[in-house]
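The next block holds one structure in the form of C-alpha cells; read it before the comments.
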Amino acid sequence: MPEGHTIHRLARELRRDLRGRTLEVSSPQGRFAHGAEVLDGAALAKAWAHGKHLFLELDPPEAPPERLHIHLGLFGKFRRRATPAPEPYGAVRLRFAGPEWTWDLSGPTACELLDDDGRDRILARLGPDPLRPRTDPEPFISAVTRSKRSIGVLLMDQSVIAGVGNVYRSELCFRHGIDPRRRGVDLDRDTVAAMWDDTVALLTVGVRLGRIVTVEPDDPCLETPRTTMAKLPRADRLYVYRRQHCRRCDAPVEWFDLANRRVYACPVEQH
DNA sequence: ATAATATGGTGAT
DNA sequence: TCACCCTATTATC
C-alpha cells in the first residue's frame, strides 16, 4: 500500500523499533544475500524517506559509508513480528532481526546499498516532498503552471511532486473540483498552491492513520459527522477512487487512463 | 489450477 | 505507449 505516507510511516516505525539496536540481517529468499552479509551486525542509525523512497542509514562495524535504499514499488511490503520471529513466510528479500522486533521485507522494486553519490542521484530526480518539514512548494507550483501536460499526469510524476500516487491523485483532483485532464498551464497559481497545501494535509493524515482517508470528517455527504477520521468505514474514506458513484453527489464516476494508470473523476463536480 | 488485480517505476520502441 | 520487473491475495474456472 505504498504512496508517500506509507513510506514515511515506515521510517518512523523502523526508527522506533530498531534504532540503535544491533541487527541480525539476512536474506531468507537469497536475492539480497550479499547486502545482508555486509549489513549483518550493524545498527540502525537513521531511517528517513523522500517521497516513496526509504533510506536506512546503518552503522556497520567495519563502516563503509553505505546505506540501504528501498523502494516498495507496487507490491513491496514490510511485515513486523516479535523477536524471535517465526520462519519467514513467502519470499522475504530481507530480514532485520532486532532484540525486540523483527521486520521482513518482501517484493521491493529496489533494495540496494548506495553510497553518497547513489543517494544524490536518486534525490536529484525527485521533486519536493510534501511530507518533509518546511518544504518549499515553489518548484511544484512552477512546474505545474508551466506544463502542457495534464494535472493528472503531473501529480504522478515524482520529479514534479514526490510521494503522490494513484489514489491521492484522483482524490486531490476531486477535492479541488478539477478534471484530471486539465493542463497544468491552465491552472491558477493559487489553485496549484492550494493543491499543495491540501496534499500536505492529506498525506499527514495518511501517516497518522496508516491509511488513505480523503473525505472530510464534517463533509455533508456523511450522515453523521465524525470527530475523527480514524474509524471511517471503508466506503466513506474516499470520494471517487475505484468507486462506482461519487461519494458526495452520487453521480456515476468516470474513469480513464492517464500516465498508464486508471484515474477516477466525478463528471458533475470536476471541470 | 489459473487468472486478474494492486496505492510503482524503468527502459526500449 | 508498451513490456516488463517485483509478490500476495482474491476471483474465477
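We name chains A, B, ... by the order of the sequence lines, and we start the count at 1 in each one. Scope of the values below: all heavy atoms of this structure, side chains included, with no hydrogens, waters or symmetry mates.
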Is the phosphate of B:dG9 approached by A:Gln158 (side-chain N or O, under 4.0 Å from OP1 or OP2)?
yes

With the sugar-phosphate defined as primed atoms, P, OP1 and OP2, and the base as all remaining atoms, what B/S/- string results for nucleotides 4-11 of chain C, 5' to 3', for protein heavy atoms under 4.0 Å?
--BBSS--

Without decimals, in angstroms, what is the distance between A:Leu105 CG and B:dG8 P?
17 Å

Tell me the interatomic distance from A:His50, atom NE2, to B:dG9, atom P, rounded to whole angstroms.
12 Å

List for me each residue that meets side-chain contact (heavy atoms from CB on, under 4.5 Å) alongside A:Ala143, sequence neighbours excluded, and say none if there are none.
A:Val160

Across all chains, not counting sequence neighbours, the side-chain contact (heavy atoms from CB on, under 4.5 Å) partners of A:His176 are A:Ile178, A:Ala194, A:Met195, A:Asp198

Do any of residues 244-264 of chain A sit with a heavy atom less than 4.0 Å from DNA chain B, and if so which?
A:Arg261

Can you tell me, in whole Å, how much space there is between the P of C:dC4 and that of B:dA3?
16 Å

If only side-chain N and O atoms count, and only distance matters, is there a donor-acceptor pair under 3.5 Å linking A:Asp219 with A:Tyr239?
yes

Please collect all ring-ring contact (aromatic ring centres under 6.0 Å, His included) contacts where either partner lies in residues 131-173 of chain A, sequence neighbours excluded, each pair once.
A:His5-A:Tyr168, A:Phe140-A:Trp196

For atom C1', what is the distance between B:dT10 and C:dA8, given to the nearest Å?
22 Å

Qualifying salt bridge (Lys or Arg N to Asp or Glu O under 4.0 Å) pairs with a residue from residues 159-171 of chain A, counting only residues at least two apart or across chains:
none

side-chain contact (heavy atoms from CB on, under 4.5 Å) against A:Asp117, all qualifying residues, sequence neighbours excluded:
A:Asp115, A:Arg121

Rounded to the nearest angstrom, tell me the gap between atom CE in A:Met156 and atom C1' in B:dT10.
14 Å

Counting side-chain heavy atoms from C-beta on, which of B:dT5, B:dG8, B:dT10 comes nearest to A:Arg242?
B:dT5

Nearest-Å distance, CG (A:Leu155) to C1' (B:dG9)?
17 Å

Write out all pairs satisfying ring-ring contact (aromatic ring centres under 6.0 Å, His included) with one or both partners inside residues 16-43 of chain A, taking only residues at least two apart or from two chains.
none

Test of understanding: with side-chain contact (heavy atoms from CB on, under 4.5 Å), list the residues that count as partners of A:Glu254, not counting sequence neighbours.
A:Arg181, A:Phe256, A:Pro267

Would you say the rings of A:Phe96 and A:Trp103 are close, in the sense that their centroids are separated by under 6.0 Å?
no

Side-chain donor-acceptor pairs under 3.5 Å in residues 204-212 of chain A, sequence neighbours left out?
unit_1: A:Thr204; atom_1: OG1; unit_2: A:Val200; atom_2: O; d: 2.6
unit_1: A:Arg211; atom_1: NH1; unit_2: A:Ala230; atom_2: O; d: 3.4

Qualifying side chain to side chain donor-acceptor pair (under 3.5 Å) pairs with a residue from residues 151-160 of chain A, counting only residues at least two apart or across chains
A:Arg149-A:Asp157, A:Asp157-A:Ser159

Within residues 161-171 of chain A, residues whose heavy atoms come under 4.0 Å of DNA chain B
A:Gly165, A:Asn166, A:Val167

Are OP1 or OP2 of B:dG8 and a side-chain N or O of A:His71 less than 4.0 angstrom apart?
no

